[in-house]
Amino acid sequence: MLLDVSKIEASYGASQALFGVDLAVAEGEAVALMGRNGMGKTTTIRAICNLNPPRAGSVRLAGTDLKGKPSHRVAKLGIGLVPEGRRCFPNLTVHENLVAAARPGAWTLDRVNVLFPRLAERHAQMARSLSGGEQQMLAIGRALMTNPRLLILDEATEGLAPVIRQAIWAAIRKLKAEGLSILVVDKTLSELLPVADRCVILENGRSVWQGPPAALTADLQDRYLGV
Amino acid sequence: MLTRETIVNIVLAALLLAVPLAANASGQPFYVTIATRVAILALAATGLNLALGLGGLVSFGHAAFFGIGGYAAGILASHSFSGEPLLFGLSGTKQMPLIWVVAMLVAGLVGLLIGTISLRTSGVYFIMITLAFAQMVYYFAISWPAYGGEDGLSILVRNQFAGVNTMKPVSFFLICYVLLMLALGLFVLVRGSRFGSALQAARQNEVRVATVGIAPYRIRLTAFAISAAMTGLAGALYADLNRFVSPSMLSWHMSGELIVLIILGGTGRLFGPLAGAALFVIFEYLLGGLTERWQFFLGLILLATVLFARGGLLGLLAGKARHG
């Protein structure tokens with residue numbers, strides 16, 4: 001397994017948010033992390049990246065225990081995070097955003113520009129002046145520039161116009177086809193399920209269901225994901 | 001493509017060169033000395049601008065590096081003069097380039113040391129801890145009688161630079177001017193480099209930087225050390241300008257002055273420190289001629305800058321900063 005998350009627990013101060021999450025991503029696999037709002041999806045991702053280090057349980061990346069490793073070390077080991085809410089560096093240009101993150105590997109500035117031609121067009125523009133969709137592309141491009149072994153996308157298409165969403169999903173499908181391992185959080189099942197090889201559902205800070213998208217029946221969807 | 005900022009920068013650089021040359025030609029060396037002061041303060045503040053402007057590290061202790069550079073010049077010169085060996089049998093020197101290297105090395109190393117500890121904190125704690133370190137150096141200098149203690153240390157004859165008569169004010173000014181331009185060149189290089197992008201990114205958001213695999217601490221420490229070395233070089237020049245070093249170069253007033261220069265000129269802007277230093281020295285000269293309490297008016301101007309012209313002089317002349 002590339003990523004192996006076993007029984008992690010995490011809290012924000014005194015309030016515990018995760019009570020045992022199990023999750024695995026194999027090499028080349030795309031896993032969807034699902035659940036209603038507040039069930040612990042983002043907390044799980046923060047725990048994996050040690051932004052909010054787990055109190056119990058273990059996170060392993062290609063066999064390496066991530067316990068106690070600072071976030072930048074986790075990123076260097078190969079986790080590329082696209083955080084929730086289009087987190088670019090607003091006062092750097094598109095080019096600087098990408099280059100600052102670069103680490104040697106298959107992904108280069110040229111390849112990112114091919115994946116997202118919009119970024120090439122706007123390379124000298126300040127990131128804060130980009131549209132929401134472009135900022136999201138930049139955040140994904142920036143994560144790719146670190147040449148990650150696992151790409152984590154947290155709500156990558158939230159609040160974007162349908163055309164832009166399609167562009168981003170197309171890029172994600174392309175990345176998957178190239179064999180990149182992906183952990184993805186998204187609310188739109190119709191777009192998420194065709195991409196995912198496997199789904200993991202969280203409820204109240206626990207992983208409660210795992211299986212292929214085909215096994216995610218309408219009943220299960222209603223039980224765990226419906227509003 | 002010439003942006004408005006580039007034009008303003010060229011004009012400022014040309015003015016700083018033209019005014020003292022004209023003053024020299026018309027036989028008024030006093031203005032040359034004033035311009036030299038501007039160039040040196042601008043160099044010191046450019047050093048601070050690397051840490052403060054690009055890295056967002058509000059160091060309230062850069063006087064330590066300024067003073068260390070000054071003392072490096074003073075101590076090396078005094079040993080060269082007296083012929084006493086300095087350390088490990090090494091003698092002092094009167095050669096400016098060697099003095100500069102020593103000043104930058106020592107200031108850079110002290111910067112590394114201070115940075116190693118203080119960069120573990122942030123915000124107001126960082127301000128206070130850098131101030132505390134600078135005060136330690138200040139009291140150390142005061143209580144060290146070998147080099148004048150509170151009275152300071154005189155440099156009897158200005159140090160030498162091969163092929164240049166440094167006692168001529170305009171020659172010494174040109175040396176300082178060239179060093180300032182080199183420092184500004186380095187600032188451009190750093191700002192445009194990957195390292196510079198990462199430094200500015202770390203200022204904007206530490207967590208985001210960590211998630212792309214950059215350790216903000218190391219980037220900041222490197223920037224802090226480079227910044228300290230540059231301010232140290234300015235200190236060495238300042239000592240040679242006044243031919244005198246005293247603990248006042250190390251005092252927290254000096255640290256504050258450097259921050260004021262940057263704010264007056266424009267934080268994080270390439271020519272902000274130069275614009276700020278020029279304004280500061282002109283105020284000091286004009287207002288200081290009118291009233292002893294000129295710093296009261298400087299305070300008012302600073303207040304107005306912070307309230308109404310946050311981009312400083314460059315913000316007014318060249319428009320909003322690219323890096324806000």
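Chain A is the first sequence line, chain B the second, and so forth, proteins listed ahead of strands; every chain is numbered from 1.
Using a 4.5 Å cut-off between heavy atoms, P90(A) contacts chain B through both its backbone and its side chain. Interface remark: L51(A) contributes side-chain atoms only to the contact with chain B (heavy atom separation under 4.5 Å). Contacts between I152(A) and chain B at a heavy-atom distance below 4.5 Å are absent for every atom of the residue.
Between chain A and the residues G196(B), A198(B), G192(B), A201(B), the most heavy-atom pairs under 4.5 angstrom are made by A201(B). Contact count versus chain B (heavy atoms, under 4.5 Å) is highest, among P148(A), A102(A), G80(A), C49(A), for A102(A).
In this structure, Q200(B) CD and L92(A) CG are separated by 5.5 Å, a value rounded to the nearest 0.5 Å.
Annotation for K187(A): atom NZ counts as buried by contact number, over 12 foreign heavy atoms lying within 6.0 Å. The environment of R111(A) atom CZ is dense: over 12 non-hydrogen atoms of other residues, nucleotides or ligands sit within 6.0 angstrom.
Within residues 63-78 of chain A, the residues having any heavy atom closer than 4.5 Å to a heavy atom of chain B are S71(A), H72(A), R73(A), A75(A), K76(A), listed by residue number. Taking 4.5 Å as the heavy-atom cut-off, the residues of residues 214-225 of chain B that approach chain A are I214(B), A215(B), R218(B), ordered by number.
The nearest pair of heavy atoms linking A101(A) to R194(B) is C-NH2, 4.4 Å. Nearest heavy-atom pair across T146(A) and V212(B) is CG2-O, 3.4 Å.
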Begin with the C-alpha distance, continue with both residues' side-chain angles, and end with the deciding distance and a verdict on side chain to side chain contact (heavy atoms under 4.5 Å, CB included) for F89(A) and R208(B). CA-CA 8 Å; F89(A) 302 119; R208(B) 279 175 228 178; 3.4 Å; yes
